[in-house]
Amino acid sequence: MSSERRSSFVREVNEVFDRAARHTPHDPALLEHIRDCNAVYHFTFPVRRDDGTVETLHGWRAQHSHHKLPTKGGIRFALDVNEDEVMALAALMTFKCAVVDVPFGGAKGGVRVDRSQYTDTELERIARRYCFELARKNFIGPGLDVPAPDYGTTSREMGWIADTYAQVHPGELNALACVTAKPLAMGGIRGRTEATGKGVFLGLREVCADAPRMRGLGLDVGLAGKRVVVQGLGNVGYWAAKFLQDAGALLVGLAEREGAIANPKGLDVDAVVAHRKGSGSILRYPGAADLADPKAALELECDILVPAALENQITEENAPRLRTRIVAEAANGPTTARADELLRARGVLLLPDMWLNAGGVTVSYFEWLKNLEHVRFGRFERGKGEVDVVHTGLETTMVGAYQSIAKTEHDRNLHGDLRTAAFVNAIDKICRCYDDMGIWP
Ligand code: NAD
């Protein structure tokens with residue numbers, strides 16, 4: 001990755017922050033303090049491969065804001081993980097938590113590794129050693145910093161992390177609350193796996209039920225019949241696609257890293273996933289047209305485009321060619337600031353990541369509470385299972401946050417700029433927190 005791109009992600013986030021901060025009345029010194037990353041830990045560690053050789057890997061953990069503790073954010077296993085990326089993503093976590101009233105500061109971490117080149121036993125050694133390195137520096141713990149999965153990691157890695165943390169903190173009653181999205185048997189919560197994708201769906205359902213907004217976009221009210229393109233069929237993309245499809249939306253394009261497929265009559269996401277599993281590629285799916293360049297899917301004609309893979313996918317370069325009315329940011333940071341401006345100028349509605357994909361951290365918060373309470377939600381209520389409690393809490397959170405963002409959009413004359421409105425809400429809440437604590441001079 002070029003240093004130019006490396007330095008740009010934090011700058012992008014800061015630019016959006018500064019733009020939003022201008023719509024608030026707060027002390028510039030406090031705003032600067034809130035904007036900048038509090039702490040970054042970069043370390044290297046050795047990992048033994050199955051063939052006996054040893055490699056040195058780079059790991060990071062950034063804690064963006066300690067205004068609330070613990071800090072919270074995912075762990076990436078990916079080749080382009082770097083300091084700038086974890087810092088930018090940690091900042092987004094701070095603001096995301098504030099937007100959905102999850103009482104955590106933001107964090108993010110990762111290991112620079114191509115997970116496809118490692119066996120399961122090697123990945124286990126990497127996850128455990130990563131956790132051990134964090135534990136040595138007090139960069140992980142139920143009241144300090146609580147990771148979760150992100151690109152390239154799953155509940156399996158979280159299970160290894162929880163187990164390692166518990167081993168180095170024997171007898172710590174709340175040890176399992178050191179990480180979220182764990183397997184159920186290790187203190188995980190029902191509904192976490194699909195939480196981010198479900199949150200994306202619930203957010204879109206709310207926006208599409210907003211009649212004046214739909215009228216302004218020239219779209220019908222409701223999700224049924226909406227033409228949707230999804231980029232990335234991992235945890236977030238798959239579940240978002242699945243819930244949207246179940247609600248009657250038409251999946252007209254699906255993209256994965258090896259290419260994309262399109263069918264204006266609609267694709268069945270489960271059948272596509274099964275086809276990809278069987279053949280090793282999303283391409284050559286019966287009845288669909290192949291697009292060799294996965295990025296071409298972003299330019300398919302649709303009503304809702306859901307980037308659910310990586311950051312920096314919609315840029316100044318391709319934004320003018322997008323043929324969608326709504327960009328639903330399921331991934332973190334998929335749209336650059338300049339692309340955001342270009343899309344807004346064309347009347348495209350952008351649903352910002354910091355609200356739309358907050359379902360994961362919301363349900364992670366529920367899991368953390370469950371771990372601290374040592375009891376499953378719904379245990380003492382007749383007829384209400386844990387998953388019902390989780391889904392109700394998630395729905396209330398996503399809907400309430402949308403209404404609050406839409407109110408700020410209206411009150412501060414931000415016409416269609418929901419990202420700035422969401423940032424304004426986050427900044428206001430964090431500043432209020434400093435004011436209430438009385439710690440800002
Ligand atoms: P994941 O690893 O489960 O899935 C990512 C998918 O994108 C993979 O299937 C991968 O093959 C695919 N992909 C990679 N490059 C691609 C390309 N160029 N074109 C199309 N597809 C491509 O990761 P995830 O957890 O689903 O995370 C996806 C995004 O959502 C990330 O930006 C992440 O930060 C964000 N996010 C995840 C969560 C969560 O709970 N998992 C929560 C909030 C935000």
Side-chain angles (χ1 to χ4, degrees), residues 9 72-81 85-86 88-90 92-93 95-97 99-100 102 106-110 113-116 147-158 179-182 188-189 191-200 203 229-242 253-261 269 272-273 276-277 280-283 291-298 300 305-315 318 328-335 352-365 367 394 398:
F9 197 10
K72 184 108 192 66
I75 295 172
R76 286 190 169 191
F77 280 5
L79 255 190
D80 49 9
V81 167
E85 183 182 86
V86 294
L89 292 168
L92 287 174
M93 282 303 297
F95 306 122
K96 183 183 301 186
C97 289
V99 161
V100 288
V102 164
K108 204 78 177 190
V113 68
D114 176 358
R115 61 166 296 143
S116 68
D150 196 83
Y151 190 90
T153 57
T154 64
S155 61
R156 184 182 66 164
E157 282 75 15
M158 302 308 112
V179 65
T180 58
K182 300 176 291 290
I189 194 165
R192 174 60 182 90
T193 306
E194 69 275 26
T196 307
K198 190 169 178 86
V200 169
V229 171
V230 180
Q231 181 200 38
L233 290 179
N235 175 276
V236 179
Y238 166 75
W239 284 106
K242 170 94 176 139
L254 295 172
E256 253 299 332
R257 56 173 84 223
E258 65 278 7
I261 53 173
V269 67
V272 171
V273 167
R276 183 166 185 250
K277 213 170 173 186
S281 170
I282 198 171
L283 299 170
L291 307 169
D293 176 4
K295 260 195 148 175
L298 300 174
L300 288 168
L305 174 63
V306 186
L310 292 168
E311 59 272 3
N312 285 323
Q313 295 302 294
I314 303 171
T315 62
N318 62 0
E329 291 191 323
N332 282 315
T335 317
D353 47 6
M354 89 170 63
W355 161 61
L356 195 68
N357 70 26
V361 74
T362 301
V363 176
S364 275
Y365 168 47
E367 179 177 330
L394 176 59
M398 292 305 295

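For ligands, and for the atoms within them, numbers begin at 1 and follow the listed sequence.
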G232 heavy atoms, cut-off 4.0 Å: which ligand 1 atoms fall inside? 7 (O), 20 (C), 21 (N)
Check: of V230, N235, L356, min heavy-atom distance to atom 41 (N) of ligand 1 comes from N235
Has the side chain of E258 got a donor or acceptor atom that lies under 3.5 Å from a matching backbone atom of L283? no
What part of A308, side chain from CB on, backbone N/CA/C/O, both or neither, has a heavy atom under 4.0 Å from ligand 1? backbone
For A331, the ligand 1 atoms whose distance to one of its heavy atoms is below 4.0 Å: 29 (C), 30 (O), 32 (O), 35 (C)
Please confirm whether G152 comes within less than 3.5 Å of ligand 1 when only nitrogen or oxygen atoms on both sides are compared. yes
Below 4.0 angstrom from a heavy atom of R192, which ligand 1 atoms are there? Numbered from 1 as shown, please. 40 (O)
When distances are taken from atom 33 (C) of ligand 1, the protein heavy atom at minimum range is D150 OD1, 3.5 Å
Are the side chain of D353 and the backbone N or O of E329 linked by a donor-acceptor pair below 3.5 Å? no
Minimum heavy-atom separation for W239 to G197, with atom names? CB-CA, 3.9 Å
Determine whether the side chain, the backbone, both or neither of A330 has a heavy atom under 4.0 Å from any heavy atom of ligand 1. backbone
Taking atom CD of E194 and atom CG of N235, what is their separation to the nearest 0.5 Å? 9.0 Å
Does only the side chain of N332 get under 4.0 Å from ligand 1, or the backbone, or both, or neither? Count heavy atoms. both
Option whose closest heavy atom lies nearest to atom 12 (C) of ligand 1, chosen from E256, R115, K108, R257: E256
If I apply the N/O under 3.5 Å rule, does V236 come out as touching ligand 1? yes
Just by distance, do the side chain of R115 and the backbone of F77 share a donor-acceptor pair under 3.5 Å? no
L298 vs V229 side-chain heavy atoms within contact, under 4.5 Å: no
Decide side chain to side chain donor-acceptor pair (under 3.5 Å) for T154 and E157; before the verdict, give the C-alpha distance in whole Å, the side-chain angles of both, and the deciding distance to 0.1 Å. CA-CA 6 Å; T154 64; E157 282 75 15; 2.8 Å; yes
Check whether any side-chain heavy atom of N332 lies under 4.5 Å from a side-chain heavy atom of M93, and answer yes or no. no
Hey, does M354 sit under 4.0 Å from ligand 1 if you only count heavy atoms? no
For atom 43 (C) of ligand 1, what's the nearest protein heavy-atom neighbour? Residue, atom name and distance, please. N357 O, 3.5 Å
State whether the side chain of W355 and the backbone N or O of V100 hold a donor-acceptor pair below 3.5 Å, judged by distance alone. no
Quick one: which ligand 1 atoms are inside 4.0 Å of a heavy atom on L310? 15 (N)
Results of salt bridge (charged side-chain N to carboxylate O under 4.0 Å, His left out) for D150 - residues two or more places apart only: R76, K108
For the residue pair R192 and P149, establish whether any side-chain heavy-atom pair is separated by less than 4.5 Å. yes
For A255, the ligand 1 atoms whose distance to one of its heavy atoms is below 4.0 Å: 20 (C), 21 (N)
Check: E367 side chain, A181 main-chain N or O, donor-acceptor pair, under 3.5 Å: yes
closest protein heavy atom to atom 4 (O) of ligand 1 is G234 CA, 3.2 Å
Which protein heavy atom lies closest to atom 29 (C) of ligand 1, and at what distance to 0.1 Å? A309 O, 3.4 Å
Tell me, with the steps shown, if K72 and T180 meet side chain to side chain contact (heavy atoms under 4.5 Å, CB included). CA-CA 9 Å; K72 184 108 192 66; T180 58; 2.7 Å; yes
At what distance is the nearest protein heavy atom to atom 5 (C) of ligand 1, and which residue and atom is it? Y151 CE1, 3.6 Å
Just to confirm my output: which protein heavy-atom neighbour is closest to atom 40 (O) of ligand 1, and how far is it? T196 OG1, 2.7 Å
So for R76 against ligand 1, with non-hydrogen atoms under 4.0 Å, the contacting part is side chain
Need the ligand 1 atom indices (1-based, order shown) with element for anything under 4.0 Å from a heavy-atom of Q231. 19 (N), 20 (C)
Mind checking whether M93 contacts ligand 1 via backbone (N, CA, C, O), side chain (CB onward), both or neither, at a 4.0 Å heavy-atom cut-off? neither
